[in-house]
Amino acid sequence: QVQLAESGGGLVQAGGSLRLSCTASGRTLSSYNMGWFRQAPMKEREFVARVHWTSSTPSYSDSVKGRFTISRDNAKRTVYLQMNSLKPEDTAVYYCAAGTGWSIIGQTRDYAYWGQGTQVSVSS
């Protein structure tokens with residue numbers, strides 16, 4: 001079992017930055033692919049970014065590419081999402097996830113473990 005806890009969310013003005021953290025307890029993260037997803041009110045959960053367990057091949061949704069960066073520190077059991085140039089449309093609850101799947105594009109079915117989420121709000 002892996003328990004995930006996100007932190008770092010908050011309220012920021014458009015153009016600002018936030019760094020989200022996801023820390024695991026239980027098993028180590030080193031053998032899991034890690035992902036970030038987000039869900040805005042009345043919308044489905046959508047893929048944001050992911051990083052393979054080998055730390056290679058990070059990938060991003062088109063909406064965040066060039067602005068967000070995912071990274072992992074297996075020794076600290078932590079995954080990060082650096083978010084720059086934030087836009088109001090980035091407002092959502094952000095979820096961290098761990099799993100062993102690696103579909104062509106990031107999908108929720110690839111992940112067995114999920115955190116509770118952290119709110120990110122971007123004002124215009």
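Quick note: residue numbers are just sequence positions, from 1. Just so it is clear, the structure is predicted and the values come from calculations on it, not from any experiment.
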* Give the minimum heavy-atom separation between S124 and A14, together with the two atoms involved. =>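 Closest approach of S124 to A14: CA-CB, 4.3 Å.
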
Could you list who else is in [X]'s hydrophobic cluster, with ILVMFWY side chains joined at under 4.5 Å, directly or through other members?
X: I105; result: I104
X: W102; result: none
X: V79; result: V2, L4, V12, L18, L20, L29, Y32, M34, W36, V48, V51, Y60, V64, F68, I70, L81, M83, L86, Y94, Y113, V120, V122

Output the distance between atom [atom1] ([X]) and atom [atom2] ([Y]), rounded to the nearest 0.5 Å.
X: R67; Y: Q82; atom1: CZ; atom2: CD; answer: 12.0 Å
X: E46; Y: Q107; atom1: CD; atom2: CD; answer: 13.5 Å
X: S61; Y: R38; atom1: OG; atom2: CZ; answer: 6.0 Å

* Asked: Does K87 pair with D90 as a salt bridge, N-O distance under 4.0 Å?
  ->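 So K87 does not pair with D90 through a salt bridge.
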
* **Listed partners of A5 passing side-chain contact (heavy atoms from CB on, under 4.5 Å), at least two apart** =>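 A5 satisfies side-chain contact (heavy atoms from CB on, under 4.5 Å) with no residue once adjacent residues are dropped.
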
* Indicate whether any N or O donor in one side chain lies under 3.5 Å from an N or O acceptor in the other, for D110 and S103. =>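 Distance-only check passes for D110 and S103.
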
* Check the side chains of R77 and T23 for a donor-acceptor pair under 3.5 angstrom, ignoring hydrogens and angles. =>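 Their side chains do not contain a donor-acceptor pair, so the 3.5 Å distance test is not met.
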
Check whether [X] reaches the backbone of [Y] with its side chain - one donor and one acceptor, N or O, closer than 3.5 Å.
X: R72; Y: H52; answer: yes
X: E6; Y: T118; answer: no
X: T78; Y: K76; answer: yes

* Show your reasoning for whether side-chain hydrogen bond (donor to acceptor under 3.5 Å, both in side chains) applies to S17 and N84. => CA-CA 4 Å; S17 298; N84 298 329; 2.9 Å; yes

* Q39 atom CD, neighbour heavy-atom count above 12 within 6.0 Å ->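 Correct, the count exceeds 12.
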
* Which residues satisfy the ring pair (Phe, Tyr, Trp, His ring centres under 6.0 Å) test with Y111, sequence neighbours excluded? ->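 Only F37 meet the ring pair (Phe, Tyr, Trp, His ring centres under 6.0 Å) criterion with Y111.
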
* Flag side-chain contact, heavy atom, 4.5 Å: L11 against Q119 ->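 A side-chain contact under 4.5 Å is absent here.
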
* To do: State, with a plain yes or no, whether a side-chain heavy atom of D73 is found less than 4.5 Å away from one of Y80.
  =>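 Answer yes - side chains close enough.
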
* Asked: Do R45's NZ or CZ and the ring of W114 fall within the cation-pi criteria of under 6.0 Å and 45°?
  ->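 Relative to the ring axis of W114, which defines the angle, R45 lies inside both limits.
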
* Asked: Can you list the steps and then say if S59 with R50 is a side-chain hydrogen bond (donor to acceptor under 3.5 Å, both in side chains)?
  -> CA-CA 6 Å; S59 61; R50 61 180 182 171; 2.7 Å; yes

* To do: Can you run down the disulfide (SG to SG under 2.5 Å) pairs that involve residues 2-121, sequence neighbours left out, and say none if there aren't any?
  =>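 Pairs touching residues 2-121 that pass the test: C22-C96.
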
